[in-house]
Amino acid sequence: MIKAPILQSLLASRDDLTTHNPECNKEQECLYLLKRCKTIDEFKQVHARFIKLSLFCSSQYSASSVLATCAHSGWENSMNYAASIFRRIDDPCTFDFNTMIRGYVNYMSFEEALCVYNEMIEGGIEPDNFTYPCLLKACTWLKSIREGKQIHGHVFKLGFEDDVFVQNSLINMYGRCGEMALSSEVFEKLEFKTAASWSSMVSARAGMGMWSECLMLFREMCGEANLKAEESGMVTALSACANTGALNLGMSIHGFLLRNISKLNIAVQTSLVDMYVKCGCLDKALHIFKKMECRNNLTYSAMISGLALHGEGEAALRMFSEMIEEGLESDHVVYVSVLNACSHSGLVKEGRRVFQEMLREGKVEPTAEHYGCLVDLLGRAGLLEEALETIESMPIKQNDVVWRSFLSSCRVHQNVELGKIAARELLKLNSHNPGDYLVISNMYAKAQMWEDVARARTEIAIKGLKQTPGFSIVELKGKTHRFVSQDRSHPQCKEIYKMLHQMEWQLKFEGYSPDMTQTLLNVDDEEKRERLKGHSQKVAIAFALLYTPPGSIIKIARNLRMCSDCHTYTKKISIIYERKIVVRDRNRFHLFKDGTCSCKDYW
DNA sequence: TTAGGGTTAG
């Protein structure tokens with residue numbers, strides 16, 4: 001219902017205008033009122049005035065302005081109203097079509113945006129350079145690469161390929177749709193690369209998890225003379241540092257931010273917390289976290305999962321309580337972080353409680369990931385029957401993640417019977433993960449069931465699955481040294497192996513004997529011992545002991561989970577050589593000190 | 001006379 005007083009008040013404020021500007025005609029008056037509309041009710045009254053004065057039909061500019069005001073207003077239901085206005089324009093022009101496309105895109109109605117474009121082409125209305133950025137954004141959101149390519153064809157045909165806005169939209173569209181080569185192709189052709197061109201390139205790669213490429217581009221971008229990196233670029237780069245463990249670069253970005261920006265926003269600060277956590281500097285992350293004036297659930301979940309990574313389960317739970325006390329609501333990611341924290345620290349009772357709370361509150365719909373965490377928690381603690389019951393009672397579809405987690409627990413706790421169920425279910429899901437077959441064959445190997453080992457291995461060969469080779473990385477004076485198992489490629493290979501030999505002797509005096517239960521091969525013990533000796537983590541430790549100052553912390557990053565022998569070995573080394581050794585494996589951090597590990601042998 | 005690209009964090 002239109003309320004008359006609204007128009008009255010708008011008109012009242014307009015009196016000033018007519019008083020001071022006698023030239024003002026009816027159309028200008030209406031356009032002035034249009035600009036002042038704050039609500040859809042006000043707008044409807046002004047729209048009625050345009051119609052009453054026949055301006056809507058007689059002036060294309062007026063009609064376009066009415067349409068644009070409504071389409072870009074953000075009022076509830078505004079696009080439906082805009083569509084009805086659009087249909088009443090006798091002869092809509094390019095501007096009107098562009099308005100509708102942009103309106104729908106801002107409204108997240110991407111299919112509608114594409115339909116408007118189709119209508120435009122079919123009606124013989126020529127698009128212009130303003131048409132394409134929004135349209136390409138619609139393709140980006142829909143991941144419609146086919147339509148995107150077609151539209152690129154139109155851009156080329158109509159000669160808009162040189163427009164920097166169109167070019168940047170194309171870079172973004174291709175990048176976000178996973179067509180990296182095409183996005184690079186457009187990027188390389190650019191005569192003038194703007195901040196948006198670079199950030200499209202960098203963030204598309206970040207979105208695909210291509211962290212190294214992301215950092216390479218970021219470094220290149222920083223080298224550009226006329227380009228000032230802004231906060232959003234820094235956030236993406238920090239995220240890449242966190243995911244690659246590039247602490248030095250992360251620290252230099254932090255330094256740059258402190259020098260150039262007086263007040264860091266919450267996203268930047270959260271990225272810093274996450275970067276420091278994932279690069280092993282828990283104290284630094286906590287320091288930044290505590291100094292933050294304002295935190296949200298993303299900040300908390302970075303910190304909670306950070307504490308989980310470092311095996312600080314109890315602290316993670318306290319942090320979770322603090323978050324609730326601060327009046328913030330937990331979301332699905334926070335629950336995953338908390339459940340993970342419980343799992344990493346063996347806090348079974350607490351984990352169960354959090355999971356039940358989540359179900360009871362009903363604000364967060366449990367996903368397979370949450371069930372995966374619970375299964376992991378129970379499985380690690382040896383509660384295999386309960387873990388299996390949890391999987392079987394899942395109200396949502398069981399996925400490979402839950403069965404993989406269960407299988408892993410069965411292997412650790414040597415329960416071949418239940419492990420077989422997990423293996424069967426995983427194979428039913430047609431897993432192409434070579435790791436699954438290895439865990440299966442490992443489990444059978446432990447139970448000396450060699451026929452089953454052979455079957456699992458044959459399956460790997462038949463399916464042509466490639467095992468991810470394990471590696472360990474040590475950073476020394478800004479240079480990374482990467483070692484694989486039995487690595488002989490390093491220039492200092494001779495010294496490293498001499499050191500390894502010496503370490504073996506020292507370890508023997510400390511009562512170490514190799515744990516061969518996790519070696520997969522059906523070979524004799526001597527061969528197994530030799531293989532174990534050359535695991536990448538040990539080679540990396542030997543290298544670090546040789547070339548880092550005595551007493552300094554040794555930091556190692558590895559791509560796979562640590563085997564139990566490397567774990568025992570590293571604990572002993574930390575006591576013999578009086579070194580703290582931090583190892584970041586696929587799941588978490590291990591801090592080895594005085595013969596113990598922060599994971600309390602629970603990982 | 002009307003407008004457009006990269007929105008970043010767990």
Side-chain angles (χ1 to χ4, degrees), chain A residues 27-28 31 34-35 59-69 71-72 93-103 105-106 127-137 140 160 163-173 175-176 183 186-187 190 193-204 206-207 214 218 221 227 229-243 264-275 277-278 285 288-289 292 295-309 319 323 328 330-338 340:
Chain A
E27 185 174 12
Q28 281 171 321
L31 288 169
L34 193 62
K35 271 193 194 160
S59 157
Q60 189 173 60
Y61 183 77
S62 279
S64 295
S65 301
V66 170
L67 177 68
T69 303
H72 304 147
C93 60
T94 301
F95 181 85
D96 301 328
F97 277 97
N98 290 351
T99 299
M100 288 305 286
I101 292 173
R102 187 153 74 95
V105 169
N106 291 340
D128 62 11
N129 51 330
F130 284 91
T131 312
Y132 291 103
C134 266
L135 198 61
L136 289 165
K137 198 171 173 180
T140 308
F160 298 124
D163 185 295
V164 71
F165 286 89
V166 177
Q167 288 166 326
N168 289 339
S169 309
L170 281 167
I171 293 169
N172 194 45
M173 187 269 293
R176 293 280 171 183
S183 89
V186 181
F187 181 76
L190 278 182
K193 296 176 172 67
T194 62
S197 329
W198 283 100
S199 85
S200 290
M201 289 287 283
V202 177
S203 63
C214 182
F218 177 75
M221 181 179 104
L227 218 61
E230 352 87 293
E231 283 177 327
S232 70
M234 295 297 168
V235 167
T236 314
L238 283 170
S239 175
C241 292
N243 284 282
L264 301 178
N265 71 26
I266 193 163
V268 176
Q269 294 188 80
T270 304
S271 311
L272 282 168
V273 167
D274 190 49
M275 185 276 291
V277 149
K278 290 197 177 135
I288 296 172
F289 179 86
M292 283 172 77
R295 309 176 189 109
N296 58 19
N297 46 0
L298 279 89
T299 322
Y300 270 100
S301 94
M303 205 59 252
I304 292 171
S305 62
L307 288 164
L309 275 176
M319 185 94 18
M323 183 188 126
L328 292 164
S330 178
D331 64 14
H332 69 284
V333 186
V334 176
Y335 275 121
V336 168
S337 308
V338 177
N340 259 329

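Chain letters run A, B, ... following the sequence lines, proteins first and then strands; every chain starts at 1.
- Here dA3(B) presents its C1' atom at 14 Å from NZ of K35(A), a figure rounded to the nearest Å.
- Picking from dA9(B), dG4(B), dG6(B) the nucleotide with the shortest atom distance to the side chain of V235(A) gives dA9(B).
- Within 4.0 Å of T194(A), counting heavy atoms only, lies at least one base atom of the nucleic acid.
- When heavy atoms are screened at a 4.0 angstrom cut-off, V202(A) is found touching no nucleic acid atom at all.
- Within the 4.0 angstrom heavy-atom criterion, base atoms lie near T270(A).
- When the P atom of dA9(B) is taken as reference, atom CD1 of I304(A) falls 19 Å away, rounded to whole Å.
- The nucleotide whose nearest atom lies closest to any side-chain atom of S239(A) is, among dG4(B), dA9(B), dG6(B), dA9(B).
- Between L34(A) atom CG and dA3(B) atom P the separation is 14 Å, expressed in whole Å.
- For S301(A), whose side chain is taken as the heavy atoms from C-beta onward, the closest listed nucleotide among dG4(B), dG10(B), dT2(B) is dG10(B).
- Counting only heavy atoms from C-beta on, R176(A) has its side chain closest to dG6(B) among dT1(B), dG4(B), dG6(B).
- Taking both residues in full, the closest heavy atoms of T99(A) and A71(A) are given as CG2-CB, 3.7 Å, listed atom of the first, atom of the second, then distance.
- S64(A) and D96(A) share a donor-acceptor pair across their side chains, judged by distance under 3.5 Å alone.
- In this pair, Y61(A) lays its aromatic ring flat on the base of dT1(B), centres within 5.5 Å and planes under 30 degrees apart.
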Verify ring pair (Phe, Tyr, Trp, His ring centres under 6.0 Å) between W198(A) and F187(A), making sure each step is shown before the conclusion.
CA-CA 8 Å; W198(A) 283 100; F187(A) 181 76; 5.0 Å; yes

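- Looking at heavy-atom distances under 4.0 Å, D128(A) makes contact with a base.
- Rounded to an integer number of Å, the gap from Q60(A) CD to dT2(B) C1' is 11 Å.
- Rounded to a whole Å, the CG atom of L298(A) is 14 Å from the C1' atom of dT7(B).
- Atom pair R102(A):CZ and dG4(B):P shows a separation of 4 Å (rounding to whole Å applied).
- Phosphate contact (OP1/OP2 of dA9(B), side-chain N/O of T236(A), threshold under 4.0 Å): absent.
- Across dG4(B), dG6(B), dA9(B), the shortest atom-to-atom separation from the side chain of A267(A) is found for dA9(B).
- For dG10(B), the base has no donor-acceptor partner in the side chain of N297(A) [N/O atoms by modelled type, under 3.5 angstrom].
- In this structure, F289(A) has its ring center under 6.0 Å from that of Y300(A).
- Among dG6(B), dA9(B), dG4(B), the nucleotide with an atom closest to any side-chain atom of A195(A) is dG6(B).
- The two residues F218(A) and M234(A) have their closest heavy-atom pair at CZ-SD, 3.9 Å.
- Judged by atom type and distance alone, N265(A) does not reach the base of dA9(B) through any side-chain donor-acceptor pair under 3.5 Å.
- Comparing atom distances between the F165(A) side chain and each of dT2(B), dG10(B), dG4(B) picks out dG4(B) as nearest.
- Side-chain contact check for T270(A) versus D274(A): every heavy-atom pair is 4.5 Å or farther apart.
- Within 4.0 Å of I266(A), counting heavy atoms only, lies at least one base atom of the nucleic acid.
- Comparing dG6(B), dA9(B), dG10(B) against the side chain of V333(A) picks out dG10(B) as the nearest.
- Nucleic acid contact for V336(A): none, since no nucleic acid atom lies under 4.0 Å from a heavy atom of the residue.
- Considering only the side chain of S305(A), dG10(B) comes nearest among dA3(B), dG10(B), dG6(B).
- Taking only distance into account, the side chain of N98(A) never meets the base of dG4(B) through a donor-acceptor pair shorter than 3.5 Å.
- Remark: P of dG4(B) and CG of D96(A) are 15 Å apart, rounded to the nearest angstrom.
- Nucleic acid contact class of K278(A) (heavy atoms, under 4.0 Å, all strands): sugar-phosphate only.
- Closest contact between the side chain of N172(A) and the listed nucleotides dG10(B), dG6(B), dA3(B) involves dG6(B).
- Annotation for T299(A) and N296(A): closest pair OG1-OD1, 2.8 Å, computed over non-hydrogen atoms.
- For L307(A) and dG10(B), the CG to C1' distance is 13 Å, given to the nearest whole Å.
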